[in-house]
Amino acid sequence: MPNNTRVRFAPSPTGSLHIGGAHTALFNWLYARHTGGTFVLRIEDTDKERSTPEYEQSIMDGMRWMGLDWDEGPDKPAGYGPYRQSERMESYTKYAEQLLDAGLAYKDDGAVLFKVPSGETITFDDEVYGQISVKSENASVNQDGTIKDIVILKRDGMPTYNYAVVIDDYTMNINMVIRGEDHIINTPKQLLIYHALGFEIPKFAHLPMILGKDKKKLSKRQGATSVFEYNDLGYLPDGVFNFLALLGWSPKDGQEVFTRSEAIKLFDLGSVTKKPAVLDIDKLNHINQEQMKIMDPQELLKIIKPFWKNLGLDINSYSDDYLASSLQAMGGRGQTTLQLAEYSDYFISFDTVKERYKADDIKEEIRPLLKKFYGELLEVADFTPQTMEAFTRTWVESNESSMKEVALPLRWALTGRKVSPGVFEVAAQLGREECRKRLAYYNLI
RNA sequence: GGUCCCAUCGUCCAGAGGCCUAGGACACAGCCCUUUCAAGGCUGCGACACGAGUUCGAAUCUCGUUGGGACCGCCA
C-alpha cells in the first residue's frame, strides 16, 4: 500500500544542528517512520551571507549521529529536487511573476512584495494547537502596527523564508508541516500566499519550544550548541534521541525508556503537548544511563573506545570481547559514556590504579592475614565471582575475619577506588594472573 | 507596546466532568541490601496560578485576571 505522507525538516545552514533543531527533526522523522511516509531534508540556504557548506555538512552529520536518516535530500535526490533552496530559483521566480501578473504583488527598489490584504480572517487547524485564527491585517505588521507587505523576493533575487517555504512545500508535495512553535506566528503569512497562488494547504503541526533553565528559548549561548557536543559530554545518540522524544510527548502507557523502533511504533502526533518544555540535564543523564544499560555491548564498546583513548588508556592490547565484558561488568554504573569510561579504567590499566592507590592505609598487623587469604583466593579452582564469594565467606568465618576486612583492601588493590562493582566480579573480569600481579605489587600475597 | 500561544509537583509527562484525599519519572531527603556504590529495593517531600461562572459534580468546559513563552528583519 503506497503511502504519500511527506514531511520535511528544513534547517538553514547557518549553524550546526542544535538541540531545538534536533527535536524538530526527530519528531518529523518519528512521524514519517510511524506513518510509513517520506522524510525529506531540505536545506534553506537563502541567506547568502551566513549559509555555508560546512554547516550543511555539520547538520547532516548531526542528524546521522542521532540516527535520523532521510529519504530525500541534497545527497539523496529523488523526484522533488533540488533540495537546496538556492538551487530552486526557477520556481520562486515563476510564482513571483504569477503573483505580479495577478496584481497581488509589486516591485519596490528591486524587491518583490506581496500585498497583504485587510479585512480577512485567516484560520487554520493545527494538529497540536487546534484552531488558530488571525485577522489578515495583524498577520504582518510594522512596529507601529500598520500593515506591512511581505517581501517575497529580496533585492538580491533570493526568496524570503515565508515565501520560499510555501513554494517549496507545495512543489515538493509536503502534506504535513511539522516545525517549532516559533513558526506558528508565521503560518498566517504563509497561508495568505497559499491562497493567492491557489495552492492546496498542507496540515500543520507545531511543536512546543524547548527552553533553557531560565525558561528562555534555547540560544547558542546556553548549553551545548551542536548535538556533537552532547557526544563529547558523554551522551549516547540513543540517549539524546530518547530524551528529546520525551520533551513534548510521551507514550500512552507512560513508558519512558524505549528503543527507536518502540518510539516509532508508539509515536502519535495527537499526544504532543502544547506547553514549552524546559531541558533538564538530570533527566537526560538518567535516560542516557538507562540507554547504556540496554545497549548492545559491542555497540556500546565502539562508543566507549574513544573515551578510553582520551584518558590515555591503551586499549589495543585487549580483545574486543574482553573490553565489552569489562563494560558489562560495570553493571549499569555511570550515567554518561564519559563516566563509564573513567569508572572502568582499571580493567585496562594498572598504572591508573597505582597512581590512585598507595596502600598506605594498610596496617602492618593485618598484612599477614591478608597475604594468607589472597594467596589462597588466587588458588580457587574456579575463578568466578560465585566461587570466590563462597570461598571467602567460609574463609572469613573460619579465620575469625570479616568480609569487610578482606574485601575492601582487595577492591583498593584491584581498582584503586573506593567504589566499584562487586569486587569478585571485578577480580573475575581481570583474571587470576592480573589479580596476582596487582596484589603482588602491593605486597599482599 | 502589538499579535499569537501556553498555564498540574523544582523539572518532564499522565489526567480529555464523577475512577483524583491528582498518578508516573527525574531531582532531593531518609531507610534497606551489600564487600563498596556510581548498581538494586523501599519510603517520604512535593502541584491542579487566582477569581467568577456552567453543572448534582470541574484539574478537566466558559469568561476574566495574573503569570510565562514566541514573534514583530529584504534571518530562517
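Chain letters run A, B, ... following the sequence lines, proteins first and then strands; every chain starts at 1. Quick note: numbers below take in every heavy atom, side chains included, and nothing from hydrogens, waters or symmetry partners.
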Which listed nucleotide ([options]) is nearest to the side chain of [X]?
X: A:A277; options: B:rU34, B:rC12, B:rA76; answer: B:rC12
X: A:S420; options: B:rU36, B:rC6, B:rG1; answer: B:rU36
X: A:V278; options: B:rU3, B:rU35, B:rU11; answer: B:rU11
X: A:I132; options: B:rA76, B:rA70, B:rC4; answer: B:rC4
X: A:D47; options: B:rC72, B:rA76, B:rU35; answer: B:rA76
X: A:S12; options: B:rC12, B:rA76, B:rC4; answer: B:rA76
X: A:K216; options: B:rG69, B:rC6, B:rC75; answer: B:rG69
X: A:D280; options: B:rA70, B:rA76, B:rC26; answer: B:rC26
X: A:R333; options: B:rA76, B:rA38, B:rG24; answer: B:rA38
X: A:R393; options: B:rA7, B:rA70, B:rU34; answer: B:rU34

For atom [atom1], what is the distance between [N] and [M], given to the nearest Å?
N: B:rA14; M: B:rG23; atom1: P; answer: 16 Å
N: B:rA27; M: B:rC74; atom1: P; answer: 47 Å
N: B:rA49; M: B:rC72; atom1: P; answer: 30 Å
N: B:rU60; M: B:rG17; atom1: P; answer: 11 Å
N: B:rG15; M: B:rA25; atom1: C1'; answer: 15 Å
N: B:rA38; M: B:rC5; atom1: C1'; answer: 43 Å
N: B:rC45; M: B:rC31; atom1: C1'; answer: 14 Å
N: B:rC33; M: B:rU43; atom1: C1'; answer: 15 Å

Quiz item: Quick check: does any side chain N or O of A:Y31 sit under 3.5 Å from a backbone N or O of A:V7, one acting as donor and the other as acceptor?
Solution: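 Here the side-chain-to-backbone pair does not exist.
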Could you tell me the Watson-Crick or G-U partner of [N], where both distances fall under 3.5 Å? Say none if there is no partner.
N: B:rU35; answer: none
N: B:rA59; answer: none
N: B:rU65; answer: B:rA49
N: B:rG30; answer: B:rC42
N: B:rA14; answer: none

Quiz item: Looking at A:F350, is A:K437 sitting on its ring face, NZ or CZ under 6.0 Å from the six-membered ring centre and within 45 degrees of the normal?
Solution: no
Pairing of [X] and [Y] as salt bridge, 4.0 angstrom limit:
X: A:E434; Y: A:R438; value: yes
X: A:E181; Y: A:K275; value: no
X: A:D345; Y: A:R356; value: yes

Self-check item: Validation row: A:F383, A:T387 side chains within 4.5 angstrom (heavy atoms)
Solution: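 The answer is no; the side chains never approach within 4.5 Å.
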Exercise. Report yes if the side chains of A:C435 and A:L414 come closer than 4.5 Å at any heavy-atom pair, otherwise no.
Key: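 They are in side-chain contact.
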Practice problem: Look at atom OH of A:Y55 and say whether more than 12 heavy atoms of other residues, nucleotides or ligands are closer to it than 6.0 Å. | Solution: no
So, OP1 or OP2 of [N]: does either fall under 4.0 Å of a side-chain N or O from [X]?
X: A:T273; N: B:rC13; value: yes
X: A:K274; N: B:rC6; value: yes
X: A:K213; N: B:rU11; value: no

[X] near the nucleic acid: base, sugar-phosphate alone, or nothing, with a heavy-atom cut-off under 4.0 Å?
X: A:H206; value: nothing
X: A:D156; value: nothing
X: A:K189; value: nothing

Self-check item: Interface residues of residues 110-124 of chain A with RNA chain B (non-hydrogen, below 4.0 angstrom)
Solution: A:A111
Please list, one pair per line, the donor and acceptor atoms closer than 3.5 Å that link side chains of residues 115-125 of chain A to other protein atoms, with sequence neighbours excluded.
none

Quiz item: Considering only heavy atoms and no angle criterion, is a donor-acceptor pair shorter than 3.5 Å present between the side chain of A:E256 and the base of B:rG24?
Solution: yes
